[in-house]
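Residue numbers start from 1 in every chain, and the chains themselves are labelled A, B, ... in the order their sequence lines are given, proteins ahead of strands.
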Amino acid sequence: MNARHVLRFLTTRVATVVLVLAVVSFLTYAVFVLLPANPAAAACGKPCTPERLATAQAFMGLDKGPLQQWWDFVVGIFTGRTFGTGAAAIHCPAPCLGYSFQLREPVTTLIAARFPVTASIAIGAAILWLVIGVFAGTVAAVRRGTALDRGLMVAAVTGVSAPSYLVGLLGILLFGFTLDMVPVSGYVPFATSPVDWAWHLVLPWCVLALLSAAIYARLTRAQMIEALGSDYARTARAKGLPERRVVTRHALRNVTIPIITLFGLDLGVLLGGAVITEKVFSMPGMGALLLDAVSTTDLPLVVGITVFSAALIVVANLVVDLVYGVLDPRVRA
Amino acid sequence: MSTQTRGTAAERDGRPLLQVEGLTVEFDAREPGEPRTVAVAGTSWSLRAGRVTALVGESGSGKSVSAMAVLGLLPRTARVGGSIVLRRDGDGVRAGDDVAGVELVGAAPATLRAVRGAVVSLVSQEPMGAWNPVLTIGGQVAEAVRAHRRVSRGETREQVRALLLETGLTDPDRIAAAYPHQLSGGQLQRALIAMALAQDPVAIVADEPTTALDVTVQAGILDVLRRLRDERGTATLLITHDMGVVADLADDVVVMRDGHVVEHAEARDLFAAPRHDYTRALLDAVPQLGVTAAAGGSAAPSDPTQAGAPAPGAAVESPRGHAVSADTAVSADTAAADPVVRLDDLRVTYPGSRGRPPVHAVDGVSLTIERGQVLGLVGESGSGKTTLGQVVAGLLRPTSGRVVVAGTDLADASRAGQRALRRRTGVVFQDPASTLDPRWTVARSVAEPLRLHTDLSTEAVRARVGELLDAVHLRPELADRYPHELSGGQRQRIAIARAVALDPDVLVADEPTSALDVSVQARVLAVFRELQARLGFACLFISHDLAVVERVCDRVAVMHAGRVVESGTSAEVLARPREAYTRALIGAAPVADPERQAERRAARAAADA
């Protein structure tokens with residue numbers, strides 16, 4: 001495929017991404033406009049006279065129609081926004097995903113502070129579960145029917161069915177308190193100390209990876225068994241290749257394709273916030289932020305995080321599609 | 001032995017290259033307690049150097065399983081017994097190493113791996129599936145070149161080129177750089193042979209190497225295999241169900257049935273004087289072009305029109321009077337009043353994917369099918385015949401052109417009109433296993449059109465299903481069975497029963513017997529003809545097999561690249577083809593007679609030159 005086709009492919013895909021995000025943000029807005037909660041009432045204080053409420057609403061831009069509010073939000077992403085006028089005015093610079101009047105910070109700033117935490121948890125865990133899952137699944141498939149296969153699959157079923165808060169708490173109890181091997185909570189930025197960063201994340205990574213590794217192991221095993229029984233694997237064996245090479249070069253290349261699809265989406269979702277894990281390990285990530293925002297009905301923050309998370313998933317999708325083209329020559333044509 | 005081979009020790013002392021003695025293959029039962037399945041029940045045969053030995057038989061005969069046992073490529077549930085000895089001095093290279101032989105049954109994985117590819121290699125059936133879809137052809141061939149030896153990159157590339165050239169791929173660099181999906185079936189199969197030759201093996205196992213290919217492509221592949229035998233002295237174990245392929249290529253033939261060898265003879269002797277009844281039956285069941293019209297009644301087990309005799313067990317109500325026109329009146333299409341199917345300048349175009357030109361699957365076809373007439377549509381894969389069939393069956397909307405079926409113009413018809421039209425159209429597809437719902441009983445499948453389109457009571461439907469099963473010569477108790485409990489032939493007869501349940505005006509049959517064994521095909525064709533004679537529907541019969549078409553069809557239309565290049569009565573088109581393409585198609589189909597096939601091959605070669 002030549003450069004022109006790549007370009008056309010990319011343009012159409014990016015256009016799709018933009019459209020999807022527009023729809024998601026609109027739907028999110030619609031939900032919150034329809035909800036009875038009113039951020040202005042929360043900011044109005046007591047006693048809340050109708051005049052003060054109206055002022056607060058005007059300040060927050062809630063006095064406009066729902067469609068206009070959504071449009072202001074979209075425009076704000078590109079140009080930034082200013083709430084209110086005069087000395088009291090609050091500026092929210094582009095890319096402005098809204099302004100949390102409760103926390104008195106632009107949503108973008110809040111996300112920027114929390115996202116590295118979530119990304120650290122998510123990416124580390126994802127790499128861990130991908131490696132463990134694919135390896136375990138491959139071993140189980142190659143040794144299928146043996147005690148090893150059964151053992152791995154029992155472990156996988158256990159992993160799939162174990163709730164992450166339980167595993168997390170047990171992990172903290174065992175490795176944190178009883179054995180005193182790893183810190184039980186808190187986050188150290190990578191820039192401060194890479195070692196402490198990793199040390200604080202080991203437990204969350206393992207807890208998150210356990211669940212997903214089990215799913216990936218099962219998927220890999222099923223795909224691998226199919227691939228090893230395929231005609232092309234037989235052709236490879238008939239050439240006199242050792243089984244190891246049949247597995248790695250021939251079967252695994254094909255098994256990777258569906259695995260990567262799932263991986264991209266899982267990672268995209270996780271980057272939007274690993275809610276339970278963050279709470280259990282007291283990590284100040286996006287999930288924790290979202291949870292707080294929901295419990296305090298901080299609507300601008302909820303909308304901002306939702307749109308940001310949706311963007312992550314859509315972008316992950318796009319990346320998967322591009323990687324797909326590299327891995328599978330059939331979709332390149 | 002008349003063939004020129006390298007003078008191997010094996011040939012000099014007459015000992016075979018591969019000696020199979022008392023081979024048994026059993027498969028473990030799925031459920032504990034059930035008996036094991038016996039696939040091969042103690043067979044003995046041999047493969048001689050520089051010769052093509054064909055293992056022939058119908059599905060389930062154990063021929064493929066035997067071949068995979070040689071390579072040690074059976075699934076893990078297989079238990080192999082007996083002996084397969086590969087002579088070490090089988091080829092010139094190893095002549096000095098005069099060990100009696102290597103026992104392959106129960107051999108260590110390392111031994112098998114050393115044998116695979118280097119001594120015996122495999123060419124398998126499905127050219128697309130045999131290649132890893134995500135690796136290039138060149139990469140995969142190179143892997144074979146380097147499987148057992150250290151070869152430098154540059155030399156590997158040269159060898160890959162040479163191998164691809166040797167198998168008749170004139171554009172080796174492009175082929176090597178291509179991925180499997182970018183090549184045709186014929187190219188893939190040639191490259192697969194190239195890959196099999198990479199380590200200069202003494203023997204090739206070719207498992208149905210041409211079954212998935214068009215006849216013209218098949219002829220080329222068979223030529224390549226013949227050349228390997230003649231020039232390299234490669235012994236070939238050819239697994240096939242096609243007696244025409246056997247006649248074309250084989251020197252020795254091993255006929256298998258139900259895991260037993262029923263006959264083992266030189267090809268010429270076997271075709272000239274088959275000793276075993278089963279071999280004879282197998283040969284008789286092969287439809288042969290031009291034989292139907294002759295007195296060779298043996299070729300057609302039940303053929304109502306031929307000898308004027310009714311089909312066995314059938315009450316033929318009308319002796320296909322309308323179809324006589326095929327032999328007598330050449331101008332059949334001008335005589336009839338109202339054709340059941342009329343296509344005018346039909347086109348089906350698919351938009352090209354990203355920057356490619358659109359594909360004209362059907363490119364301006366006009367044809368008619370009269371009431372009671374069977375029109376055979378022949379052509380190679382990609383010629384558009386299936387697309388055309390789908391349009392007639394109302395499953396696909398044409399891009400342009402007029403389609404009139406049973407007096408209704410498809411373009412004008414409303415949704416209800418199209419639904420009504422579907423009621424008058426029956427369809428039979430190639431693979432009966434996938435066209436019947438596996439969770440439905442036979443009765444339910446056959447009754448479905450009746451329940452959809454009629455108000456018959458439950459009892460009436462039940463009675464009608466009984467009639468239909470009787471019409472396709474199936475026992476009434478099969479009504480309560482499920483598809484997996486039936487044989488392929490029975491399933492296809494059920495598909496036919498379902499297609500004619502509403503007494504349609506038109507039946508579209510798309511390769512209805514291609515997935516069946518020849519003996520089963522003969523039965524299904526007999527049932528089809530009898531039904532057609534009785535019900536008098538018009539039929540579009542799509543097939544790649546000219547001999548089948550000749551037996552079943554009154555008229556023939558030959559499709560090539562979306563167009564009908566020639567049409568006329570079967571006798572006319574198939575016996576005296578006007579177009580070069582039709583002649584090539586007829587010439588390429590091998591006949592089940594080594595003498596005649598050799599003549600035809602010579603004639604084809606002369607025509608090419």
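- Interatomic distance, B:Asn132 CG to A:Arg249 CZ, rounded to the nearest 0.5 Å: 8.0 Å.
- A 6.0 Å sphere centred on CZ of A:Arg218 holds no more than 12 heavy atoms belonging to other residues, nucleotides or ligands.
- Crowding of B:Arg149 atom CZ: a count of heavy atoms from other residues, nucleotides or ligands under 6.0 Å exceeding 12.
- Put simply, CD on B:Gln140 and OG1 on A:Thr235 are 8.0 Å apart, with the number rounded to the nearest 0.5 Å.
- Taking CG of B:Leu112 as the reference point, atom CZ of A:Arg237 lies at 12.0 Å (rounded to 0.5 Å).
- Distance check: A:Asp231 CG to B:Met128 CE gives 12.5 Å after rounding to the nearest 0.5 Å.
- Residues A:Pro242 and B:Arg113 approach most closely at CA-CD, 3.4 Å, considering heavy atoms.
- Closest non-hydrogen pair, B:Val134 versus A:Ile257, comes out as CG1-CD1, 3.7 Å.
- Listed here is the closest heavy atom pair of B:Pro133 and A:Pro329: O-CG, 3.3 Å.
- Considering all non-hydrogen atoms of both residues, A:Gly240 and B:His148 come closest at O-NE2, 3.6 Å.
- Taking a 6.0 Å sphere around CZ of B:Phe27, one finds it holds more than 12 heavy atoms contributed by other residues, nucleotides or ligands.
- Chain A forms more heavy-atom pairs under 4.5 Å with one residue of B:Ala198, B:Gly117, B:Ala110, B:Ala114 than with any other, namely B:Gly117.
- Counting non-hydrogen atoms of other residues, nucleotides and ligands closer than 6.0 Å to CD of A:Glu226 gives a total of 12 or fewer.
- Of the possible polar contacts, one joining the B:Gln199 side chain to the A:Lys239 backbone as a donor-acceptor pair under 3.5 Å is found.
- Atom NE2 in A:His250 sits 3.5 Å away from atom CD in B:Glu143 (nearest 0.5 Å).
- Nearest heavy-atom pair across B:Arg76 and A:Val142 is NH1-O, 4.0 Å.
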